[in-house]
Amino acid sequence: AGRMGRALEVVRDMEAHGCALNAHTFGMLISGFARCGDAPRALGVAEDMRRAGVREDAAVFNCLLHVLGSSGRMEEAMATLQRMRLAGHRPTPHTLSTLVTGFVRNGALEQGLRLMEELRAEGCPVTAAVFNAAMHGLVLQGQMERAAGLLEDMAQTGVAPDRRSFTTLVDGYARSGDLEGAFECFRRMQAGGLEADAAAYGALLKACCKAGRMQTAQAVLEQMQAAGVAPSLHAMNTLVDGWARRGDMWEAAQLVQRMRGAGPAPDVRTYTSLIIACGRAGDMQRAVEAFEEMQQSGVAPNVQSYTALLQGWAWASYPEKALQAYQEMRAHGLQPD
RNA sequence: AGCAUGCUAG
């Protein structure tokens, strides 16, 4: 994020020394801004590029599609796809997965799926990533049958599913509370010779937590470590939150202690889940301790953590304490959403 | 490869 300014300096330096900027260079800048969520500047760089008389290549077009899709501008994205074709570039798998994801994020999954079929029919190469984007969209809609159908489709068309394909589906089963389905899918991934990474384990942990099977979740954590996969912050947060939702403040606190000792270091989400756990257990004393521990370890509270504290107090029938938490939040310049 | 797809809190 903070490095984009430096990147721009380097590019200005290049220009000053008479280096011609090419599509490659502009592409790096555009995707850099895109990743910071700075669409206006990403598009600004694209404009500079055109003014400099540099032609967009396929990767630059794909970056533009990403920027447009991330800012809800799918009509412009489709117009850009047309421009891309007119410039003589066939859509690539990056193009397609980017557009499908754009449609998914903008609540137009079916349009994305239609586009995928159209481009497939015209011979656009389709990779696992394209299917993954589509499966993710279906998973978000709870359409597991169709998502699983796409996995079959991959097999039939000779596209090998990758780890993300399976992780996406495991997450889908997790969301639908289907622990059996999640495990079966996870094992299918392993049977296919794909090694689970932290995200794959994370999705499986989510399935356990969602199903309320916390002992199973702990066992999965141990399997993950035995397999040499370092528990990610993501995965640990899933577990802490799983205990929190069960109202088991003690187990949640235990995990957080372990994280403080052996890592990964707890972050604001970890502590927020712990605060919720304490609140649900009716122990506001511990909730406040958790909140203070967070601050003492240099983790800045955000709106979510204050809200968790506030709700705990409200739930415990201490409106004046809730109000105090609210005022403290405002004093820190945070606005409730 | 300068570009795309998966798991976490109120």
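Below, chains carry the letters A, B, ... as their sequence lines are ordered, and counting in each starts from 1.
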Would A/D241 and A/T238 count as a side chain to side chain donor-acceptor pair (under 3.5 Å) if you check the C-alpha gap in whole Å, the side-chain angles of each, and the deciding distance to 0.1 Å? CA-CA 5 Å; A/D241 189 59; A/T238 301; over 6 Å; no
List the steps, then state whether salt bridge (Lys or Arg N to Asp or Glu O under 4.0 Å) holds for A/R260 with A/E293. CA-CA 11 Å; A/R260 286 167 67 90; A/E293 193 174 287; 3.5 Å; yes
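Salt bridge present: A/E117 and A/R120 bring a charged side-chain N and a carboxylate O closer than 4.0 Å.
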Protein-proximity profile, nucleotides 5-10 of chain B, B/S/- by nucleotide at the 4.0 Å heavy-atom cutoff, equals BBBBBB
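A/T95 and A/T92 are linked by a side-chain donor-acceptor pair at a separation below 3.5 angstrom, with hydrogens and angles left out of the test.
Taking atom CE of residue A/M116 and atom C1' of nucleotide B/A4, one finds them 14 Å apart after rounding to whole Å.
Within the nucleic acid shown, A/V60 comes within 4.0 Å of at least one base atom, counting heavy atoms only. Contact annotation for A/A23: base contact, defined as any heavy-atom pair under 4.0 Å involving a base atom.
Taking side-chain N and O atoms only, A/H94 has no distance below 4.0 Å to OP1 or OP2 of B/A4.
With sequence neighbours left out, the salt bridge (Lys or Arg N to Asp or Glu O under 4.0 Å) criterion links A/R146 to A/E110.
Atoms CZ and CG, from A/F131 and A/D162 in turn, are 11.5 Å apart once rounded to the nearest 0.5 Å.
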